[in-house]
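Report on the structure given below.
The figures that follow rest on heavy atoms only: side chains count, while hydrogens, waters and symmetry mates do not. Throughout, numbering of the chain's residues begins at 1 and tracks the sequence.
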Amino acid sequence: YKFPDTTFAMLKEKLRINPAAVRKLNINTATEAQLAAHPYIGEKVAPNIILLRDGFKGFSSIEQLRQVPLMTAETFRKIAPYCTVQ
């Protein structure tokens, strides 16, 4: 997360991720600050997620994030596995 490539290259052999321990971010209840803290969302996209969520009166599916202004296909691909609407 925001490591320079050289630092990540040195650490990647020591990193272990337990997929069962990864907590998904509920995009229907997360605050703007919580969304902005996500490494793939950030401060520019977070307020747009909130605006669209308010317009929809809550997201019914993760796919609706594709409609968020500034949401690229690459960003969506990266965040979708880490988000939930429940």
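- To the nearest 0.5 Å, atoms CZ (R16) and CG (N18) are separated by 12.0 Å.
- Sparse packing is recorded around CD1 of I17, with 12 or fewer heavy atoms of other residues, nucleotides or ligands lying under 6.0 Å away.
- Minimum heavy-atom separation, S61 to V85: C-CG1, 3.8 Å.
- Using a 4.5 Å heavy-atom cutoff, the side chains of I50 and D54 are in contact.
- Atom CD in Q67 sits 6.0 Å away from atom CG in L52 (nearest 0.5 Å).
- Between A46 and A36, the shortest heavy-atom contact is CB-N, 3.6 Å.
- Under the 30°/60° scheme for interplanar angles, the aromatic rings of Y40 and H38 are found to be tilted.
- Between the side chain of R53 and the backbone N or O of I27, at least one donor-acceptor pair lies under 3.5 Å.
- In this structure, OG1 in T29 is found 7.0 Å from CD in Q34, a value given to the nearest 0.5 Å.
- Within the 4.5 Å cutoff, side-chain heavy atoms of I79 are placed close to those of M71.
- The hydrophobic cluster containing L51 does not contain L65, counting ILVMFWY residues as joined when their side-chain heavy atoms lie under 4.5 angstrom apart, directly or transitively.
- With rounding to the nearest 0.5 angstrom, the OG1 atom of T7 is 4.5 Å from the CE atom of M10.
- Side chain of N48 to main chain of P69: a donor-acceptor pair is present (N/O by atom type, distance under 3.5 Å, no hydrogens or angles).
- Distance CD1/I41 to CD1/I49: 4.0 Å, rounded to 0.5 Å.
- Grouping the Ile, Leu, Val, Met, Phe, Trp and Tyr side chains by contacts below 4.5 angstrom, directly or via other members, places I62 with F56.
- Atom CG of N28 is separated from atom OG of S60 by 8.5 Å, given to the nearest 0.5 angstrom.
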Checking F76 against V68 for the side-chain contact (heavy atoms from CB on, under 4.5 Å) test, could you report, in this order, the C-alpha distance in whole Å, the side-chain angles of both residues, the deciding distance, and whether it holds? CA-CA 10 Å; F76 177 78; V68 172; over 6 Å; no

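- At most 12 heavy atoms of other shown residues, nucleotides or ligands fall within 6.0 angstrom of atom CG in D5.
- A donor-acceptor contact shorter than 3.5 Å is absent between the side chain of R23 and the backbone of Y82.
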